[in-house]
Amino acid sequence: MKYYRFLLPAFLLLSIIGRAQTKLSSFSPGAIWPDDKGVHINAHGGGILYNNGVYYWFGEHKIAGDAGNRAMVGVHCYSSKDLYNWKDEGISLSVSPDTTNDIAKGCILERPKVVYNKKTKKYVMWFHLELLGKGYSAARAGVAISDKVTGPYKFIKSYRPNPGQMPFYPALTPEADKVNCVNPANKSDGFFCRDLPGGQMARDMTVFVDDDGKAYHVFSSEENFTLDLAELTPDYTGHNGKFIRIYIGHQTEAPALFKRNGIYYMIGSGCTGWAPNAARWFSAKSIWGPWTYHGNPCQGPDSQITYGGQSTHVLPVAGKKDAFIFIADKWTPKDAIDGRYLWLPINFKGNDIEINWTDNWNLDVFKK
Ligand code: DGJ
C-alpha cells in the first residue's frame, strides 16, 4: 500500500519533466504552444525583440475566464534561440496593487512592444493603456524602461501623444488634403480636431526602429478611425511631435511594421472587437509616406478572417534574407488565457506580399 502513495506524484513529476524536455522543431499555428515548463505560452498581442543572439517575446499575460483580458498580472516575457522553444522569463512589467496608479491591477494593458535604444542602452517598452474602470475611453500610450532585457521594467508615464501638434505634410501637399479644424471634412478629421488640445487617442500599436536608429510609434487613433505614425524622441521614451495620419477614416487596428529592400511594409486589420476580420497591408518608400493600401495579403480558405487571427507583429528572422514571420493572435475572449498564436511565413512576389495558411512549417521554408 505504502508504495502506491508515491506512484501518482512520481508519475506526475515524470510527465512534467517529459513534457518540458520535448523539443519543438516546427511551428503549428493555432495549436497549444508549450514553454520550457510545458505550459501554454502566455504572451498575447505580443512583439519580439532580437537581442544579442536571443529572441525575447513580450506579450499580455492573460488569465482564465471572460475577465481574462484585463491586466491582472502584467507583461510576460519568454526567450528563445531557435524560435520554436521558449523559456519562461517571468513577468517583465508588473501591474500595480495601488488602484490610483496608471497601471493598476485590473486596467487594460495591451500589445506591449519592446525596443532597445543603443544610445541610452535602455530597453524601452511601449503599450496601449486603458485606466482601471474606464473601459476603453482613456486611449493612452504607456512607456516603461529597464536596464535588462527581461526586466523588471519600471513604468514611467502614460498619455495621449502629440497634444497641440498638426500632422507633418510633405512639401507641396495641397491645402485641400490637410486636416482643417475650422471645418473638419469628415468624422475622422472631427475626432482629430476634438483631441488636438489634449493629445491624440492611442490604442492598438506597434513600435518600429529604423536602420538609422530612429524609432516610430504606430497606433490606432481618432476613435480607431485612423492610424498615426509618430516619431519618438532620441531616447525612445516620448513623442517628438512629428507624425502622419494613415488611411484616414478606414478603421485600421493591429499594426505591424517591417522593412525589406528599403521598402516599408505594414500589415493591420479592420476593427471588429475580438472577432477576426480581413487583414490589410500597406507599403511606402519613405516612412513618412505616402502609404499605399494593397488589400488583403492572406490567400485561400479563411483568408477573409485572417485564419481566425489578428496581426500583432512581423518578425524578421536573424541571419536569413527575406525571412519575415507574420504573427497573429487568435483571441478567445471567453477564456482569454487560451488564446492561440498564428505564425506564418510571408511570401514575396516582387515587392508584393502574400500569406498562406499552413498547418505545420519550419524555418527551412526561407532561403539562407
Ligand atoms: C481589438 C484589438 O486589436 C485588441 O487589441 C483589443 O483592443 C480588442 N479589440 C478589444 O475589443
Side-chain angles (χ1 to χ4, degrees), residues 44-47 59-60 62 66 69-70 108-113 126-130 134-142 160-161 167 179 184-195 199-208 217-230 243-257 265-283 289 291-298 302-314 326-334 336 339-340 342 355:
H44 310 265
E60 302 159 30
K62 307 266 194 196
D66 57 7
N69 281 314
R70 287 195 287 133
I108 293 169
L109 196 162
E110 294 180 339
R111 299 184 175 270
K113 304 285 178 289
W126 283 92
F127 48 89
H128 163 204
L129 180 70
E130 299 292 350
K134 299 217 170 353
Y136 275 87
S137 62
R140 292 192 189 186
R160 286 189 173 186
V179 58
N186 51 49
K187 222 171 169 179
S188 217
D189 285 11
F191 293 134
F192 173 87
C193 299
R194 178 198 68 187
D195 294 335
Q200 297 300 328
M201 299 176 93
R203 293 202 181 115
D204 276 15
M205 54 139 281
T206 193
V207 178
F208 172 75
H217 178 211
V218 184
F219 50 96
S220 301
S221 198
E222 301 164 19
E223 304 288 355
N224 292 5
F225 271 77
T226 293
L227 269 184
D228 278 12
L229 182 150
F243 68 100
I244 53 171
R245 298 162 75 217
I246 298 173
Y247 208 36
I248 296 169
H250 293 279
Q251 296 189 294
T252 304
E253 284 190 333
L257 213 143
Y265 292 84
M266 182 149 52
I267 303 179
S269 75
C271 185
T272 50
W274 298 110
N277 55 55
R280 53 185 70 172
W281 72 282
F282 307 83
S283 68
W291 283 85
T292 307
Y293 167 79
H294 299 284
N296 188 353
C298 297
D302 289 338
S303 56
Q304 285 312 310
I305 51 164
T306 318
Y307 318 114
Q310 187 184 28
S311 43
T312 186
H313 189 63
V314 171
F326 171 70
I327 300 180
D329 291 284
K330 192 171 180 181
W331 306 113
T332 51
K334 290 213 166 71
R340 306 297 172 87
L342 310 183
I355 298 168

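Residue indices begin at 1 and follow the sequence shown. Note that the structure is predicted; figures quoted are calculated from it, not measured.
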Practice prompt. For Ser188 and Gly249, work out which heavy atoms get closest and say how close.
Written response: OG-N, 3.6 Å
Worksheet item: So which heavy atom on Ser311 is nearest to which on Ser269, and how close?
Response: OG-N, 4.0 Å
Practice prompt. Would you please test Tyr247 and Trp291 for side-chain contact (heavy atoms from CB on, under 4.5 Å) and show each step?
Written response: CA-CA 8 Å; Tyr247 208 36; Trp291 283 85; over 6 Å; no
To the nearest 0.5 Å, tell me how far [X] [atom1] sits from [Y] [atom2].
X: Arg194; Y: Gln200; atom1: CZ; atom2: CD; value: 9.0 Å
X: Ile248; Y: Asp228; atom1: CD1; atom2: CG; value: 9.0 Å
X: Tyr307; Y: Phe326; atom1: OH; atom2: CZ; value: 8.5 Å
X: Asn69; Y: Lys334; atom1: CG; atom2: NZ; value: 12.0 Å
X: Ile305; Y: Lys330; atom1: CD1; atom2: NZ; value: 8.0 Å

Partner set under side chain to side chain contact (heavy atoms under 4.5 Å, CB included) for [X], not counting sequence neighbours:
X: Ala275; answer: Thr272
X: Arg70; answer: Ala67, Met72, Ile108
X: Pro167; answer: Tyr169, Val179, Phe192, Phe243, Arg245
X: Asn224; answer: Arg203, Ser220, Glu253, Cys271

Is there side-chain contact between [X] and [Y], with at least one heavy-atom pair below 4.5 Å?
X: Leu227; Y: Met266; value: yes
X: Ile267; Y: Val314; value: yes
X: Leu342; Y: Thr306; value: no
X: His44; Y: Thr312; value: no

Has [X] got a side-chain atom pairing as donor or acceptor with [Y]'s backbone, closer than 3.5 angstrom?
X: Thr206; Y: Val218; result: no
X: Asn186; Y: Asp189; result: yes
X: Asn277; Y: Gly270; result: yes
X: Lys113; Y: Phe127; result: no
X: Gln251; Y: Thr226; result: no

Go through the structure and list residues passing side chain to side chain donor-acceptor pair (under 3.5 Å) with [X], not counting sequence neighbours.
X: Tyr293; value: none
X: Asp329; value: none
X: His294; value: Ser283
X: Ser221; value: none

Could you list the residues that satisfy ring pair (Phe, Tyr, Trp, His ring centres under 6.0 Å) with [X], not counting sequence neighbours?
X: Trp331; answer: Trp274
X: His217; answer: Trp126, Phe219, His239
X: Phe225; answer: Phe191

Discussion item. Determine whether Met201 and Glu222 satisfy the following criterion, side-chain contact (heavy atoms from CB on, under 4.5 Å), listing intermediate values before the conclusion.
Written reply: CA-CA 6 Å; Met201 299 176 93; Glu222 301 164 19; 5.9 Å; no
Discussion item. Lys187 vs Glu223, test: side-chain contact (heavy atoms from CB on, under 4.5 Å). Steps then yes/no.
Written reply: CA-CA 10 Å; Lys187 222 171 169 179; Glu223 304 288 355; over 6 Å; no
Worksheet item: Hey, are Glu110 and His128 close enough side-chain-wise for a donor-acceptor pair under 3.5 Å?
Response: yes
Practice prompt. Determine, step by step, whether Glu60 and Leu109 satisfy the side-chain contact (heavy atoms from CB on, under 4.5 Å) criterion, reporting the C-alpha distance in whole Å, the side-chain angles of both residues, the deciding distance to 0.1 Å, and the verdict.
Written response: CA-CA 7 Å; Glu60 302 159 30; Leu109 196 162; 5.7 Å; no
Fill in: For Asp204, all residues meeting salt bridge (charged side-chain N to carboxylate O under 4.0 Å, His left out), sequence neighbours excluded
Arg111
